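As structure tokens, the structure follows; a few thoughts come after it.
These figures come from a predicted structure and were not determined experimentally.
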Amino acid sequence: MKELVYYTMLYDIYGSLLTEKQKEYFEEYYFKNLSLSELASKYNISRNAIHKQLKETLKRLDNYESNLKLALKNEMLENII
């Protein structure tokens with residue numbers, strides 16, 4: 001659950017930097033709770049391809065945060081307020 005909240009927060013911050021497909025897969029998997037199999041069927045690609053794309057998306061979100069640290073700065077501001 002903690003991981004879900006973390007990645008949705010990163011998605012809110014850095015989502016515009018992702019490709020359209022990455023955004024679609026992320027939103028349908030994390031927000032609409034579709035399974036990998038359901039996504040694979042919907043997009044007519046393999047379950048493994050969806051899994052790899054989601055994994056790459058999480059990696060990109062982590063990379064953006066490690067370089068820009070916007071989520072950390074936001075958290076620090078919330079603590080100050």
Side-chain angles (χ1 to χ4, degrees):
M1 182 65 169
K2 202 174 191 181
E3 183 178 308
L4 173 65
V5 172
Y6 175 72
Y7 282 114
T8 54
M9 178 182 62
L10 291 185
Y11 181 80
D12 287 342
I13 296 170
Y14 304 113
S16 61
L17 301 174
L18 300 173
T19 67
E20 288 303 313
K21 283 294 180 190
Q22 287 174 326
K23 286 190 242 184
E24 284 179 43
Y25 298 157
F26 184 93
E27 289 174 8
E28 295 200 4
Y29 185 75
Y30 287 101
F31 299 152
K32 296 180 182 175
N33 293 320
L34 295 180
S35 68
L36 294 176
S37 298
E38 290 170 323
L39 288 170
S41 177
K42 179 176 181 176
Y43 292 103
N44 200 26
I45 59 176
S46 72
R47 185 181 173 280
N48 191 39
I50 295 287
H51 177 72
K52 284 183 179 180
Q53 194 63 243
L54 285 170
K55 196 171 182 178
E56 178 63 27
T57 301
L58 298 182
K59 184 178 170 184
R60 286 185 73 182
L61 291 172
D62 282 331
N63 186 40
Y64 291 139
E65 178 58 20
S66 69
N67 288 316
L68 301 172
K69 297 184 182 5
L70 295 178
L72 178 63
K73 291 173 186 174
N74 187 40
E75 184 180 331
M76 290 171 58
L77 285 173
E78 286 180 9
N79 288 338
I80 291 171
I81 293 172

For residues 13-20, which side-chain N or O atoms pair as donor and acceptor with protein atoms under 3.5 Å away, sequence neighbours left out?
| unit_1 | atom_1 | unit_2 | atom_2 | d |
| --- | --- | --- | --- | --- |
| Y14 | OH | E65 | OE1 | 2.7 |
| Y14 | OH | L70 | N | 3.1 |
| T19 | OG1 | Q22 | N | 3.2 |
| T19 | OG1 | Q22 | OE1 | 3.3 |
| E20 | OE2 | K23 | NZ | 3.1 |

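Side chain of T57 to main chain of Q53: a donor-acceptor pair is present (N/O by atom type, distance under 3.5 Å, no hydrogens or angles). A distance-only check finds a donor-acceptor pair linking the side chain of N67 to the backbone of N63 [under 3.5 Å]. Under a 3.5 Å cut-off, the side chain of T8 and the backbone N or O of V5 do form a donor-acceptor pair.
Here the side chains of K52 and K55 are not in contact, with every heavy-atom distance at 4.5 Å or above. The shortest distance between side-chain heavy atoms of M9 and E75 does not fall below 4.5 Å. Using a 4.5 Å heavy-atom threshold, the side chains of Y6 and D62 count as touching.
Note that OG of S41 is 12.5 Å distant from CG of L36, once rounded to the nearest 0.5 Å. To the nearest 0.5 Å, atom CD of residue E27 and atom CG of residue L34 are 11.5 Å apart. The line from NZ of K21 to CD1 of I45 is 7.5 Å long, rounded to the nearest 0.5 Å.
Taking every heavy atom of both residues into account, N33 and E38 meet most closely at O-OE1, 4.2 Å. Nearest approach of S46 to A40, heavy atoms of both residues: C-CB, 3.7 Å.
The ring of Y30 has its center no closer than 6.0 angstrom to the ring center of Y7. In this structure, Y29 has its ring center no closer than 6.0 Å to that of Y25.
L10 and L77 end up in different hydrophobic clusters when Ile, Leu, Val, Met, Phe, Trp and Tyr side chains are linked at under 4.5 Å.
With side-chain heavy atoms closer than 4.5 Å counting as contact, directly or through intermediates, the hydrophobic cluster containing L72 also holds M76.
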